[in-house]
Amino acid sequence: MFSVLRRLAPAVILPVMVASAGCNDQLWQKRESPLFQKPLGREALDRFYDPMIENAAAHNMSIGDGHFYPHSAQLNSLGAQQLDRIAAVLQRHGGTVRYETRNSNANFVDGRLQNIEEYLAGSGLEMADVEIKSMMSGGRGMSAKDAQTARIQAKKAAEASSKAGQRATATK
């Protein structure tokens with residue numbers, strides 16, 4: 001039965017799909033906003049995510065190695081965006097900017113910390129209430145006890161799924 005379907009499917013389904021796609025020119029058009037009849041671009045969708053990104057940056061207040069060019073103390077564009085988001089919070093409330101790295105070279109880390117400070121000061125931020133430290137990133141995170149519980153539950157679920165798959169294979 002399945003071998004017949006396997007041979008028939010391309011012969012029947014493919015022409016139907018091509019014919020229906022050819023008749024429906026809307027499939028080839030860019031999606032438009034139902035309210036404004038304008039094409040939906042990336043910018044239209046970004047506005048929904050920008051507040052979430054800014055809230056996360058404000059809560060975390062951290063920057064990492066991915067925000068710098070490799071083997072350099074110079075910020076990349078992602079680092080500049082992150083610091084711009086953090087600067088808005090620091091302007092109002094002050095606080096600590098955390099730089100998280102695994103690099104143990106003190107001169108390298110100090111160069112990056114200095115670059116962060118210069119960038120924030122250059123953006124017009126009053127540095128009196130701002131502290132920049134090399135430390136683990138912030139945020140609520142998860143307690144070790146909760147992480148252990150989640151790991152144990154995930155392991156049990158994976159084992160149960162594996163056993164169910166083995167039983168299903170054995171019954172075929």
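Computed from heavy atoms alone, side chains included, the values below leave out hydrogens, waters and symmetry copies. Here the structure is a predicted model, which is why all the values come from computation and not from measurement.
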| field | Test applied, side-chain hydrogen bond (donor to acceptor under 3.5 Å, both in side chains); reference residue, Arg112; option that passes from Thr101, Asp65, Asn103 | value |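 Checked Thr101, Asp65, Asn103 against Arg112; only one passes side-chain hydrogen bond (donor to acceptor under 3.5 Å, both in side chains): Asp65.
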| Is a side-chain N or O of Gln82 found less than 3.5 angstrom from the main chain of Ser62, in a donor-acceptor match? |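 Yes.
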With a 4.5 Å heavy-atom cut-off, do [X] and [Y] have their side chains touching?
X	Y	value
Leu113	Ser134	yes
Met135	Glu100	no
Lys155	Arg151	no
Met61	Leu90	yes
Leu75	Ile63	yes
Val97	Ile86	yes

About how many Å separate [atom2] of [Y] and [atom1] of [X], when rounded to the nearest 0.5 Å?
X	Y	atom1	atom2	result
Leu120	Gln91	CG	CD	10.5 Å
Gln81	Asn76	CD	CG	9.0 Å
Met127	Ile132	CE	CD1	4.0 Å
Ser72	Asn115	OG	CG	7.5 Å

| task | Run the ring-centre check on Tyr99 versus Phe68 and record whether the distance is less than 6.0 Å. | result |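 Yes, close enough.
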| Is the closest basic N to carboxylate O distance between Glu131 and Lys133 below 4.0 Å? | yes
| field | hydrophobic_cluster_shared for Tyr119 and Val109, side chain cutoff 4.5 Å | value | yes
| Considering all heavy atoms of both residues, which atom of Ser123 and which atom of Ala87 are nearest to each other, and what is their separation? |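 The pair with the smallest heavy-atom distance is OG-CB, 4.5 Å.
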| With a cut-off of 6.0 Å (strictly less than), are more than 12 heavy atoms of other residues, nucleotides or ligands near NE2 of His93? | yes
